[in-house]
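Reviewing the structure listed below.
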Amino acid sequence: MTREITETERAHANELLIRARRAMCLIENYDQAKIDRLCQAVAWAVANEKTFTRLSYMSVDESGLGDREGRPNKRFKIMGILRDALRQKSMGIIEELPEKGIVKYAKPAGVVASLVPVTNASLTEAGNGIYALKCKDAIIFSPHPASKKTTNETVRIMRAALKKQGVPEDVFQCIEKPSIPLAQELMSICDLTIATGGQAMVRSAYSSGKPAYGVGAGNATMVIDETANLEEAARNTRLSKTSDNGSGCSADGNLLVEDSIYDRFLDLLQKEGGYLVTEHEKQLLEKCLWDADGHRTNETVARPARRIAELAGFQVADEKKFLIVEEDRIGKEYLFSSEKLCPVLSIFRYSGFENALAMVRQIYEVGGKGHSCGIYSFDDDRIHQLALTAPVSRIMVRQPQSKANAGAFNNGMPMTSSMGCGIWGGNITNENISLKHYMNVTWVSRPIPEDKPSEADLFGEFYNSERFD
C-alpha cells in the first residue's frame with residue numbers, strides 16, 4: 001500500500017510549482033522565432049551524438065534495463081520531435097477556416113507534470129521538454145526511481161541550455177528524490193500530466209483530478225501474408241524485436257504468418273538472429289517469464305536473449321538476439337499470446353485471411369487493445385480489412401513496428417515517445433501525443449451565411465411520416 005505523502009514532500013512539490021509558474025510568466029511574451037530557437041538549443045544540448053550516447057549508456061547502466069549499444073539510436077526521435085515542432089505554430093493564430101468563420105488561437109496549457117518511464121530516460125525528457133517549451137509551458141519531470149540519476153542529468157543539461165540563452169531555467173525542473181506520493185502530489189497540482197509508463201502509474205494520473213494523457217499496454221501483432229517481401233519482413237521483425245532488448249510496448253510480440261510461407265519465413269527469422277526454442281525450452285521459458293499468477297518477472301524484462309535463456313535453464317549462441325516461440329493457442333491462459341517486453345517473439349500459423357483477422361481480434365482480447373499492430377502485404381484490400389477489424393489506434397504497413405508507430409522519417413506519424421490508445425486502452429485520445437496536446441486552443445467564431453437545410457432534407461424519407469403520439 002502506498003504511504004502517505006510527507007509534509008516535506010508536499011512543500012517541495014508546491015515550491016516546484018511556484019517556480020514553474022514564475023518561469024512561465026517570464027517567457028510569456030517570447031515570440032515564435034525566439035521560442036523556436038530555444039527549442040533548437042535544448043534539442044542540440046541533449047541530442048548531439050556525444051551527449052545522447054553518454055546519457056543512453058548512463059540510463060542502461062543505472063537501471064539494468066535495455067541495450068547499451070542500441071539505445072543511442074533513439075536520438076532520432078528527438079530530431080523528429082524537433083522537426084515536427086519547428087514546422088508548426090504554437091502561439092497566436094494557428095488555423096483559419098474561412099468557410100466556417102472560425103479562427104483558432106493557441107495558448108499555453110500551463111505547468112506540465114511529466115512522468116518519465118525507466119526505459120526511456122533521456123529521450124522522454126527531451127521530447128516532452130521540446131513540446132512544452134514550444135507552447136511556452138513549464139514542465140516538471142518526475143523520474144522513475146530506477147533511472148533518477150539519468151533523468152536529473154538530462155534535465156540539468158536542458159536547464160544549462162536555457163541558461164546559456166538567458167532564459168529562466170525553471171521552465172524545466174526535476175524531482176531529485178522521487179517517490180510515488182510525491183509524483184501523485186505533483187500530478188494533482190499541475191495543470192496537465194503526460195503519463196508514459198506502466199498501467200498503475202497511468203491509472204494514478206487519471207485519478208489525480210487534473211487532465212492527463214496516458215498510454216496503454218502494448219502487444220504488437222504483425223500479419224505476414226503470401227504477398228509480402230519476406231526478407232524485408234524478417235529484417236524489420238528483427239529490428240523491431242531487438243530494439244533496446246524489446247523493452248518498448250511497440251516491439252513485435254506476435255507474428256501471424258500465412259501457411260504457405262510459414263516455414264520459409266521461420267528460416268529467414270533464424271538467419272536474422274532468431275533462436276527457435278524447442279518444446280521443452282518453451283516450457284522452461286514460460287516458467288521464467290511469468291510467475292505463478294501470470295505476472296511478468298522483473299528480472300527478465302528488457303534483458304538480452306542470451307541472459308533470458310540462461311535464467312530459463314538453456315543456452316543460446318551469442319549471435320542469437322531474439323527467441324522464437326511457436327504457438328497455436330490464444331487466450332489469457334496462454335501466456336505467449338500476451339505482451340512480452342523482452343526479445344521473445346511468438347509465431348502463429350494461419351490459413352485464410354479471414355482467420356488471420358479473427359486471430360488478431362482474439363490476441364487483443366488477451367492484451368494490448370488500442371495500441372498498435374502491423375501488416376506485411378501488398379494487397380490493399382487486406383490492409384483495408386485489417387484496418388476495419390483491428391481494435392488498435394495505429395497500423396504500420398511494411399515497417400518495423402517499434403521504430404515506426406511513434407513516428408519515423410519515412411512515415412507521416414507524429415513524432416513522440418507517448419502514444420494514446422483510445423477508449424480501448426482506457427485513454428482519452430487515439431493519437432500520438434504531440435504538440436497539439438501541450439496547448440490550449442481558443443476558437444473565435446464569426447457569422448457566416450446561414451447553413452440550415454430544410455426539414456425535408458434533414459429527415460429524408462421519414463419527413464411527414466407516422467407520428468408516435
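Because only heavy atoms are used, hydrogens play no part in the values below, and waters and symmetry mates are left out as well, while side chains stay in. For reference, positions follow the sequence shown, starting with 1.
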Just wondering, are more than 12 heavy atoms of other shown residues or ligands nearer than 6.0 Å to NZ in Lys100? no
Carefully, step by step, assess Met58 and Ser122 under the rule side-chain contact (heavy atoms from CB on, under 4.5 Å). CA-CA 9 Å; Met58 182 179 180; Ser122 72; over 6 Å; no
If you look only at distance, which donor and acceptor atoms sit under 3.5 Å apart when one is on a side chain in residues 46-56 and the other is two or more places apart or in another chain?
| from | atom 1 | to | atom 2 | distance (Å) |
| --- | --- | --- | --- | --- |
| Asn48 | OD1 | Lys50 | N | 3.4 |
| Asn48 | OD1 | Thr51 | N | 2.9 |
| Asn48 | OD1 | Thr51 | OG1 | 3.1 |
| Asn48 | ND2 | Trp44 | O | 2.9 |
| Asn48 | ND2 | Ala45 | O | 3.2 |
| Asn48 | ND2 | Thr51 | OG1 | 3.0 |
| Thr53 | OG1 | Glu49 | O | 2.7 |
| Arg54 | NH1 | Glu153 | OE2 | 3.3 |
| Arg54 | NH2 | Glu153 | OE2 | 3.0 |
| Ser56 | OG | Phe52 | O | 2.8 |

With Glu431, which residues qualify under salt bridge (charged side-chain N to carboxylate O under 4.0 Å, His left out), at least two apart? Lys436
Quick one: do Arg10 and Glu185 satisfy salt bridge (Lys or Arg N to Asp or Glu O under 4.0 Å)? Show the steps, please. CA-CA 7 Å; Arg10 193 186 307 277; Glu185 177 69 12; 3.3 Å; yes
Around atom CD1 of Ile383, are there more than 12 heavy atoms of other residues, nucleotides or ligands at under 6.0 Å? yes
If I compare all heavy atoms of Gly374 with all of Leu386, which pair ends up nearest, and what's the gap? O-CD2, 4.0 Å
Going by the rule side-chain hydrogen bond (donor to acceptor under 3.5 Å, both in side chains), which residues pair with Lys148 if we only count those two or more places apart in sequence or in a different chain? none
Going by atom types alone, do Arg394 and Asn432 pair a side-chain donor with an acceptor below 3.5 Å? yes
Distance-only donor-acceptor check, side chains Thr150 and Ser59, under 3.5 Å: no
Return yes if a side-chain donor-acceptor contact under 3.5 Å exists between Ser250 and Ser402, otherwise no. no
Not counting sequence neighbours, list each pair that qualifies as a side-chain hydrogen bond (donor to acceptor under 3.5 Å, both in side chains) and has a residue in residues 164-173. Arg19-Asp170, Arg19-Gln173, Arg37-Gln165, Arg159-Asp170
Work out which heavy atom in Ile81 is nearest to a heavy atom in Gly127; give both atom names and the distance. CD1-CA, 3.6 Å
Hey, is CD1 on Ile395 packed in by over 12 heavy atoms from elsewhere, all under 6.0 Å? yes
Assess whether side-chain contact (heavy atoms from CB on, under 4.5 Å) is satisfied between Asn152 and Arg156, documenting all intermediate values. CA-CA 6 Å; Asn152 272 281; Arg156 182 195 69 78; over 6 Å; no
Indicate yes or no for a side-chain donor-acceptor contact from Asn120 to the backbone of Val116 under 3.5 Å, with no hydrogens or angles considered. no
Do other residues, nucleotides or ligands put more than 12 heavy atoms under 6.0 Å from the CZ atom of Phe409? yes
Just checking Glu28: does its CD atom have more than 12 heavy atoms from other residues, nucleotides or ligands closer to it than 6.0 angstrom? yes
Could you pull out all residues at least two apart from Glu232 that satisfy side-chain hydrogen bond (donor to acceptor under 3.5 Å, both in side chains)? none
Check the pair Ser114 / Glu125 against side chain to side chain donor-acceptor pair (under 3.5 Å), numbers first and verdict last. CA-CA 8 Å; Ser114 173; Glu125 303 91 328; over 6 Å; no
Test: salt bridge (charged side-chain N to carboxylate O under 4.0 Å, His left out). Region: residues 451-460. Which pairs qualify, not counting sequence neighbours? none
Might you point out which heavy atoms bring Phe348 and Ile363 nearest each other, and give the distance in Å? CE1-CD1, 4.4 Å
Could you walk me through whether Leu435 and Cys135 satisfy the side-chain contact (heavy atoms from CB on, under 4.5 Å) test, starting with their C-alpha distance in whole Å, then the side-chain angles of each, then the deciding distance to 0.1 Å, before giving a yes or no? CA-CA 8 Å; Leu435 185 67; Cys135 295; 3.5 Å; yes
Less than 3.5 Å apart, any donor N or O on the side chain of Ser240 or Gln401 sitting next to an acceptor on the other? no
According to side-chain hydrogen bond (donor to acceptor under 3.5 Å, both in side chains), who are the partners of Ser377, at least two apart in sequence or on a separate chain? Asp225, Thr227
Determine which pairs satisfy salt bridge (charged side-chain N to carboxylate O under 4.0 Å, His left out) with at least one residue from residues 240-255, sequence neighbours left out, and list them in order. Arg71-Asp244, Lys74-Asp244
Please enumerate all residues that pass side-chain contact (heavy atoms from CB on, under 4.5 Å) together with Cys249, with sequence neighbours excluded. Glu339, His371
Between Val171 and Ala23, the two heavy atoms sitting closest are N-CB, 3.6 Å
Please test Arg382 against Glu354 for salt bridge (Lys or Arg N to Asp or Glu O under 4.0 Å), starting from the C-alpha separation and ending with a verdict. CA-CA 9 Å; Arg382 288 177 176 172; Glu354 67 282 0; over 6 Å; no
What class does the angle between the rings of Phe141 and Phe172 fall in, given that below 30° is parallel, 30 to 60° is tilted and above 60° is perpendicular? tilted
Tyr131 versus Asp137, side-chain donor and acceptor atoms under 3.5 Å: no
Angle class for the Phe459/Tyr463 ring planes (parallel below 30°, perpendicular above 60°, tilted otherwise)? parallel
Kindly write out the residues that satisfy salt bridge (charged side-chain N to carboxylate O under 4.0 Å, His left out) with Lys403, not counting sequence neighbours, or none if the list is empty. none
So which heavy atom on Asn245 is nearest to which on Pro343, and how close? O-CD, 3.1 Å
Ile189 CD1: over 12 foreign heavy atoms closer than 6.0 Å: yes
Can Lys34 be said to sit on top of Tyr30's aromatic six-ring, NZ or CZ under 6.0 Å from centre and within 45° of the ring axis? yes
Does either side chain, that of Lys332 or that of Ser338, offer a donor lying less than 3.5 Å from an acceptor on the other one? no
By side-chain hydrogen bond (donor to acceptor under 3.5 Å, both in side chains), Glu365 pairs with (sequence neighbours left out) Lys369
Under the salt bridge (charged side-chain N to carboxylate O under 4.0 Å, His left out) test, which residues partner Asp84, sequence neighbours left out? none
If you measure only the distance, is there a donor-acceptor pair under 3.5 Å linking the side chains of Gln184 and Ser208? no
Considering all heavy atoms of both residues, which atom of Val202 and which atom of Gly214 are nearest to each other, and what is their separation? CG1-CA, 3.9 Å
